[in-house]
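Worksheet: one structure, shown below.
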Amino acid sequence: MKARVFSGVQPTGNLHIGNYLGALKSWTKVQYDYECIFGIVDLHAVTLYQNPEDLKAKIAEVAALFIACGIDPRHSTVMVQSSVAAHTELGWMLTCVTPVGWLERMTQYKAKSEAQETVGAGILQYPVLMAADILLYQAALVPVGDDQTQHLELTRDIAQRFNSLYGETFVMPATRTPAVGARVMGLDEPDKKMSKSATGTGHAIGMLDPPDVARRKIMRATTDSNPAVDFETMGPGVANLLAIFQAFGDWDDDRIKGHFSGMRYGDLKKQVAEMVLESLAPIQQRYREITADPAYLRQLLASGADRVRPIADSTVRLVKERMGLHQ
Ligand code: TRP
């Protein structure tokens with residue numbers, strides 16, 4: 001039997017090339033070696049208020065983008081978190097073995113709670129639900145961007161604590177982040193990770209950005225005071241453009257160095273834009289085809305949930321048995 005993979009994306013904001021290079025692209029690569037489950041984690045999305053109509057539309061958009069990006073529905077399961085009740089059930093059981101201090105220490109909790117006037121309990125709880133997503137399927141591997149590594153460490157801590165309190169129950173999941181592209185930075189602010197919620201129009205390249213919009217953002221990206229690429233002294237903006245090119249093109253370091261050393265920034269940007277547009281075009285084409293048939297998406301998500309529910313339910317049964325809860 002193949003080992004299992006679980007990973008997920010929140011259906012909020014606009015999926016961008018950072019999400020693609022950090023997560024989705026590596027999902028398409030692992031899907032033939034593992035039994036993969038890819039979740040649209042809507043219960044995580046509502047830790048911050050979401051307009052209900054927008055959320056519904058986003059769930060469908062992300063599902064279509066998964067397939068458009070190369071998730072193969074004949075091999076991988078695409079599902080919506082809230083359609084499998086066991087996520088919430090296991091989330092509660094894991095909450096009860098998780099010290100509050102572990103949650104308060106999470107950097108994303110600190111950042112998100114500082115930005116809110118009232119801090120919803122769900123924001124604190126967020127990583128426990130994420131642990132439930134993963135442990136529910138006994139996933140051996142979780143491919144994510146590198147902003148998720150702390151959450152994955154916590155997942156292992158929670159699994160370990162449960163196992164030591166109640167006996168060996170959960171598989172310990174390993175984290176996998178891509179060698180290049182795990183952390184794509186904002187084009188306008190290359191010292192900040194590319195964000196779905198950043199409002200600056202030059203910040204992120206959306207997976208569905210029209211070609212001229214994407215090109216303009218790249219041509220305006222922040223660089224540094226050098227005129228041309230110098231691998232010794234380049235600033236974060238130039239390094240980011242090179243990393244984007246490298247991750248899309250799957251070039252090795254030597255080829256990148258040989259090709260770009262000494263290249264003027266205007267030319268560098270043109271080449272990065274070409275690479276990005278060339279890579280996005282087929283994805284956007286498939287996206288249009290998929291969304292032209294809403295029945296296909298509905299069916300995909302319904303059958304995805306049906307396929308994984310028995311796995312999830314059997315883990316909940318096992319956990320209940322371990323804890324002495326009523327079946
Ligand atoms: N926290 C992840 C993010 O914001 C999303 C997520 C939720 C996830 N559950 C998960 C990722 C389980 C991997 C595995 O990107």
Side-chain angles (χ1 to χ4, degrees), residues 3-27 30-31 34-48 50 55 58-59 62-63 65-66 69 71 76-84 86-88 90-91 94-95 103 106-112 122-159 170-178 181-184 193-198 204 207 304 308 311-312 315:
R4 216 172 270 138
V5 157
F6 184 93
S7 195
V9 163
Q10 294 190 56
T12 54
N14 290 322
L15 225 64
H16 53 62
I17 60 170
N19 302 121
Y20 176 70
L21 297 174
L24 281 156
K25 186 165 184 257
S26 53
W27 300 0
V30 296
Q31 67 183 338
Y34 293 85
E35 180 193 335
C36 293
I37 304 168
F38 299 119
I40 297 159
V41 291
D42 54 347
L43 295 168
H44 279 106
V46 295
T47 54
L48 294 171
Q50 305 297 327
L55 181 59
K58 272 292 160 195
I59 291 168
V62 173
L65 269 171
F66 277 12
C69 286
I71 303 297
S76 304
T77 301
V78 175
M79 53 82 68
V80 182
Q81 186 187 32
S82 66
S83 64
V84 177
H87 288 254
T88 316
L90 183 61
L94 297 180
T95 295
L103 301 177
M106 304 302 285
T107 53
Q108 289 202 355
Y109 168 72
K110 287 191 219 159
K112 283 185 197 166
I123 296 181
L124 182 66
Q125 190 67 7
Y126 183 108
V128 185
L129 182 60
M130 178 162 163
D133 298 339
I134 296 162
L135 301 177
L136 195 53
Y137 300 108
Q138 305 285 11
L141 189 69
V142 184
V144 283
D146 77 353
D147 60 324
Q148 297 299 316
T149 52
Q150 196 189 28
H151 285 153
L152 264 298
E153 278 162 30
L154 185 81
T155 298
R156 286 186 289 271
D157 288 343
I158 292 173
F170 294 118
V171 169
M172 251 355 110
T175 311
R176 183 186 289 178
T177 55
R183 192 175 178 79
V184 176
K193 192 186 70 124
M194 190 175 278
S195 150
K196 283 201 266 190
S197 51
M207 293 303 290
V308 298
I311 309 170
T315 304

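Remember, it's 1-based here, ligands and their atoms both numbered in the order they're listed. Keep in mind that this is a model prediction, so the values were computed, not measured.
- Below 30°, between 30° and 60°, or above 60°: for Phe66 and Trp27 the angle between ring planes is above 60°, a perpendicular geometry.
- To the nearest 0.5 angstrom, Thr95 atom OG1 is 8.0 Å from Ile158 atom CD1.
- No close placement of the His151 and Tyr109 rings is indicated, their centers lying 6.0 Å or farther apart.
- A donor-acceptor distance shorter than 3.5 angstrom exists from the side chain of Lys196 to the backbone of Gln10, with no hydrogens or angles considered.
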Step-by-step side chain to side chain donor-acceptor pair (under 3.5 Å) determination, Thr177 to Arg183: CA-CA 9 Å; Thr177 55; Arg183 192 175 178 79; over 6 Å; no
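- Among residues at least two apart or in separate chains, there is no salt bridge (Lys or Arg N to Asp or Glu O under 4.0 Å) pair with a member in residues 39-48.
- Residue-level contacts of ligand 1 at the 4.0 Å heavy-atom threshold are Phe6, Ser7, Gly8, Gln10, Val41, His44, Tyr126, Met130, Asp133, Ile134, Val142, Val144, Gln148.
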